[in-house]
Amino acid sequence: MLNVKDLEQFLLKIIERKHEELNLGRDYRSKFSKIRDFEANAIGQIGEEFAKAIISKYTKIIDDGIIHNEYDIQTEIGILFEVKTARKGRQNNTFQFNGINPNYNYNYLLCIGICEDSIHYRIFEKREISYVHKERKFYIKQGDLSKQLVQMNPQNQVNYKLTLNLRELFSIESLSEQLASIFN
């Protein structure tokens, strides 16, 4: 099982490499502070690479969704993951996970939230996303959490965003345990 230090080191290496690749060159004191310099696509790539590195410790990845399938990762046992990554907003403790399509074919939605000094996550099963016809809205419900998926813009009825507060995410410490339960 991977410990928190291992998980943090995986993400730190990916962020450092991407930071150098984009030649951003700023020096910050917090562990993951360089994450604030990246645009949304780079943050998404960092999160996907992080998720692949972690999931590959539990099972073989046979398709990493590079061709923009309806998922980002397919494992050899057929479990499909959609990965969404966001950094913490500067004005509040929220993360905006963009580009969620409730109609896509995946088993789990893995949301990775990156703060300047910590990593957080939440895994949703696809069946926890439902459409409420009366309201004409999608919701994601897990235990006591119930959140509306909001359209990315008024004309876009395909891609949605999910806003989660830091207190609605879990510490990275429990990610290994939760992934182990998915694969066992």
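Quick caveat: nothing in here was measured; it's all calculated off a predicted structure. Excluded from the calculations below are hydrogen atoms, water molecules and symmetry mates; all remaining heavy atoms, backbone and side chain alike, are included.
Between H120 and S171 the shortest heavy-atom distance is ND1-CA, 4.0 Å. Shortest non-hydrogen contact noted between F32 and C115 is CB-O, 3.5 Å. F183 and I55 make their closest contact through CZ-CG2, 3.8 Å (heavy atoms, listed as atom of the first residue, atom of the second, distance). Minimum interatomic distance between A51 and L110 (heavy atoms only, all atoms of both residues): CB-CD2, 3.8 Å.
Within a 6.0 Å radius of NZ in K57, other residues, nucleotides and ligands contribute 12 heavy atoms or fewer. The environment of CD in E177 is sparse: at most 12 heavy-atom neighbours from other residues, nucleotides or ligands sit within 6.0 Å.
For the pair Y58 (side chain) and S176 (backbone), a donor-acceptor distance under 3.5 Å is present. Checking side-chain atoms of R87 against main-chain N and O of E116 turns up no donor-acceptor pair under 3.5 Å. Of the possible donor and acceptor atoms, one in the side chain of T75 sits under 3.5 Å from a partner among the backbone N and O of I79. Judged by distance alone, the side chain of E48 and the main-chain N or O of Q45 form no donor-acceptor pair under 3.5 Å. With hydrogens and angles disregarded, no donor-acceptor distance shorter than 3.5 Å links the side chain of E70 to the backbone of Y104. Of the possible donor and acceptor atoms, one in the side chain of K126 sits under 3.5 Å from a partner among the backbone N and O of P102.
We find the CG-CD distance between D72 and E82 to be 4.0 Å, quoted to the nearest 0.5 Å. Note that CG of L2 and CD of E8 are 12.5 Å apart. Values are rounded to the nearest 0.5 Å. One finds the CG atom of N93 at 11.0 Å from the CD atom of E168 (value rounded to the nearest 0.5 Å). Remark: N41 CG to I43 CD1 distance equals 9.5 Å, nearest 0.5 Å. With rounding to the nearest 0.5 angstrom, the CZ atom of R122 is 4.5 Å from the CG atom of L145. Summarising the geometry, atom NZ belonging to K137 is positioned 4.5 Å from atom CD belonging to Q148; distances are rounded to the nearest 0.5 Å.
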Step-by-step side-chain contact (heavy atoms from CB on, under 4.5 Å) determination, F81 to N107:
CA-CA 6 Å; F81 285 88; N107 303 103; over 6 Å; no

As a quick check of understanding, evaluate side-chain contact (heavy atoms from CB on, under 4.5 Å) for I112 and I119, giving each step before the final call.
CA-CA 7 Å; I112 301 169; I119 317 164; 4.1 Å; yes

Working note: S118 + I172, criterion side-chain contact (heavy atoms from CB on, under 4.5 Å); need CA distance, chi angles, decisive distance, verdict.
CA-CA 8 Å; S118 58; I172 201 69; over 6 Å; no

Apply side-chain contact (heavy atoms from CB on, under 4.5 Å) to residues F124 and I129 and explain how you reach the verdict.
CA-CA 8 Å; F124 298 97; I129 300 174; 5.6 Å; no

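V150 forms part of no hydrophobic cluster, judged by ILVMFWY side-chain heavy-atom separations under 4.5 Å.
With sequence neighbours left out, the side-chain hydrogen bond (donor to acceptor under 3.5 Å, both in side chains) criterion links S174 to Y121. Under the side-chain hydrogen bond (donor to acceptor under 3.5 Å, both in side chains) criterion, E16 pairs with K34, sequence neighbours left out.
The closest side-chain donor-acceptor pair between Q96 and N98 falls under 3.5 angstrom.
Side chains of L109 and K84 form a contact here, defined as non-hydrogen atoms less than 4.5 Å apart. I73 has its side chain within reach of K52: a pair of non-hydrogen atoms, C-beta onward, lies under 4.5 Å apart.
I123 is not connected to Y139 by any chain of hydrophobic side-chain contacts under 4.5 Å among Ile, Leu, Val, Met, Phe, Trp and Tyr, and they are in different clusters.
Aromatic pair Y160/F138: centroids less than 6.0 angstrom apart.
By the 4.0 Å N-to-carboxylate-O rule, R17 lies close enough to E49 to be salt-bridged with it.
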